[in-house]
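Okay, so here's the structure we're looking at.
Everything quoted here is computed from the prediction, not taken from an experiment. If you read the sequence from its start, that first residue is 1, and numbering goes on from there. Just so you know, these numbers use all the heavy atoms, side chains as well, and skip hydrogens, waters and symmetry mates.
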Amino acid sequence: MSSYEAGQASPSGMRILVDLARSYPRLLFLIFLLAFLSSLVSAPTPYLAKIIIDDLIFRGGSAGAHEVSGWLGVSHTVWMIAAIVLLGILLKVLGSLLGGWQCHYILQITRNSLTQVRLDTALRVMGGAQQKLEKIEPSRIASRLGFDVNAMDSAIFALLRNFVTSAFLVLVVLGFMVFLDPFLSMVVLATMPLTAVLSVMSHRKLQEFSREESDRVADLTATAAETFGALRIIRVFTAEPFFLGRLQTRCEALRFEGLHHWTRFHSINLLLSLLSSLGGDIFLLVGGILAINGRITFGEFFAFYGYQAMLWGPIGVLLNSGQFVQTGTASAEKVHELAGIEQEPYLVRPRRAREGAFRGEIVAENLGFSYNDGEPVLRDINFRIEPGTMVALVGQSGSGKTTLANLLLGMYLPTHGRLLIDGRDIREWDMRDLRGNMGVVLQDATLFHDTIRTNVCMGREYPEQRIWAALAAAHIDDFVRALPNQLEEQAGISGTRLSGGQKQRLAIARVFLKNPAFLILDEATSALDSETEKAIQRSFDALMAGRTAAVIAHRLSTIYQADQILVLHQGRLVECGTHEELVTRPAGHYRELYEAQVEGMIPMSGATRRPWNRQAR
């Protein structure tokens, strides 16, 4: 997977596969050498049969077969036949050994190169621009790294094993055939040009079918992952029939594509096999006439019959292997397309060293953002966050709070205006440096199918004592100590072995362990009970001391101590100030939010509970 520069024409799938094989020139040389040698030692077998028939059976005469003057009372003719047969057996054994070594070297190429393809593609996807990644289903990426790379593996193996070996064998066999009788060679090859033309034309069409089938496999994988990943909510709403219907639709699409694809493939193969066998049938007629008329010996006829069988065998292998190659080339184009995803800007420019320590000063100047050049989500945002202060982002759902937090994290870049962090435009930051100074806790905690230690440390090494201190700050150390394997206990797929509150506390422990200079908390304590929330809030207060922090919260009780509160409404910054300033502002948005929450906690006088009307469902 060589280059992905913008505007560069994408290479064909065959070119990708060939480039992968060429990346190991020494192994490739050995593979070609072994293919030639194995073809060379396999080809003489029919010619040895000609020697036995013409020189030992017919010319030796029946009397020679009954001679008793040879060793152990067996005639010299029989010993010579046995020796030639033994030579043929040894050649076959040698050919098998050479073929085994060839397969070994081919597997080294396919396993090494395609492992690197998987890693390189994963690296490119990890560096992909966030807005591009959000359009790709994760299960489709998994299908590309799994199914499609496996198809590339089969294609390279077919190219290096079947195509190369068969091509050498065809050349060697043709050499023996021309040596025996050039005229009969032309007879056997009479149908070859038509077979070659039809093969090329048909396999070009089969590549299109292979691309379609690859897409249908990715669709089915994506739907299955989505369905079985949300099985709990599907059961709650008794929606199994609907989602099984979606799976059935994907399965039917794959079935149709497979039937169409493979029916076409086998029909073409039957036609090509018929044309191939016609050459052998023509030889039987012409060769039989020549043998009867004495133009060729019976040994030559037998050898030629063996050679024409050896010739059409590799050709049949080439025709059958074409399907693997076509599927592999289509998959290679799909994987290359995924690996060519647009990268985050900081990855495609020289890394620039940061000057001085990270302070956490944030300045927005006429900041605006829109998804894919659509309706602006944020408009003309202006604010300043001093280093070491806490700012709260509040507003109704959809007002742009999370989008603004994603801009601070560098997940998106502004489409209008500027966002300055420590005086530098965020577009100029190396995001590895920026995010290395940030810690984030989201409303939906994400855990991985790994140990508690891995989920908290996130790939870094920390002293044991520091890990337990972070767990204690998140008020989950007692729970972890009670587990049979403590830090080495598995969290389950997506943390399914833990409750929602436990997952949230582990996510909070990550932040305490990282000890960042800039905190972003997006409803960080929403999944916790009130007592635990109060305790963790006190820990957060201690952690945020002297650090810049941005807190998104719907519950205003968690942010009233903020140094600055930014109130967003329909993508605009409509108010800014402290809690005391904003709550006293008449007809202000913050005051409306505050009063709505206070009223929601206190039942209105005279309120009654409406009876449930079953028929209204």
- Item | CG-CG distance between L40 and L171, expressed to the nearest 0.5 angstrom | 11.5 Å
- Message: Measuring from atom CZ of R22 to atom CG of L27, what distance do you get when rounded to the nearest 0.5 angstrom?
- Response: 15.0 Å
- Query: Salt bridge between R15 and D19, side-chain N to carboxylate O under 4.0 Å?
  - Reply: yes
- Message: Using 0.5 Å steps for rounding, measure from the CG atom of D153 to the OG atom of S113.
- Response: 7.5 Å
- Heavy atoms of T165 and A35 approach each other most closely as OG1-CB, 3.9 Å
- So, does K334 use its side chain to make a donor-acceptor pair with the main chain of D148 at under 3.5 Å? no
- Nearest heavy-atom approach of I426 to P414 is CG2-CD, 3.8 Å
- Note on the structure: Here the pair of heavy atoms bringing M431 nearest to L413 is CE-CD2, 4.0 Å
- Query: At what distance, to the nearest 0.5 angstrom, does CG of L37 lie from CG of L94?
  - Reply: 8.0 Å
- What are the two closest heavy atoms between S38 and G95, and how far apart are they? CB-O, 4.0 Å
- Does atom CD of Q108 have more than 12 heavy-atom neighbours from other groups under 6.0 Å away? yes
- Task: Would you give the length of the straight line joining atom CG of L114 to atom CG of D120, rounded to the nearest 0.5 angstrom?
- Result: 11.0 Å
- Task: Could you tell me whether Y412 and Y371 have their ring centroids closer than 6.0 angstrom?
- Result: yes
- Message: Run the side chain to side chain contact (heavy atoms under 4.5 Å, CB included) test against L107 and tell me which residues pass, sequence neighbours left out.
- Response: T110, R111, F157
- Item | Worked verdict on K514 versus M458 for side chain to side chain contact (heavy atoms under 4.5 Å, CB included) | CA-CA 9 Å; K514 187 178 182 181; M458 293 297 290; over 6 Å; no
- Crowding at OH, Y24 (>12 non-hydrogen neighbours, <6.0 Å): yes
- With distance as the sole test, does Q116 use its side chain to make a donor-acceptor pair with the main-chain N or O of N112 at under 3.5 Å? no
- Rounding to 0.5 Å, atoms CG (L169) and CG (L174) come to a distance of 9.5 Å
- Query: Considering only heavy atoms from C-beta outward, does the side chain of S370 approach that of T415 to under 4.5 Å?
  - Reply: yes
- Task: Go through the structure and list residues passing side chain to side chain contact (heavy atoms under 4.5 Å, CB included) with T451, not counting sequence neighbours.
- Result: R453, T454, E488, Q490
- Query: Which atom names give the shortest non-hydrogen contact between Q102 and L160, and what distance separates them?
  - Reply: NE2-O, 3.3 Å
- Message: Check whether D433 reaches the backbone of W429 with its side chain - one donor and one acceptor, N or O, closer than 3.5 Å.
- Response: no
- Item | Close side-chain approach of T121 to L338, heavy-atom, < 4.5 Å | yes
- Message: Any heavy-atom pair between the side chains of N455 and R510 that's under 4.5 Å?
- Response: yes
- Query: Quick one: does S23's side chain have a donor or acceptor within less than 3.5 Å of a partner on L20's backbone?
  - Reply: yes
- Task: Provide the closest heavy-atom pair for G410 versus R435 in the form atom of the first, atom of the second, distance.
- Result: O-NH2, 2.9 Å
- Task: Take S331 and V149, measure what side chain to side chain contact (heavy atoms under 4.5 Å, CB included) needs, and give me the verdict at the end.
- Result: CA-CA 7 Å; S331 293; V149 173; over 6 Å; no
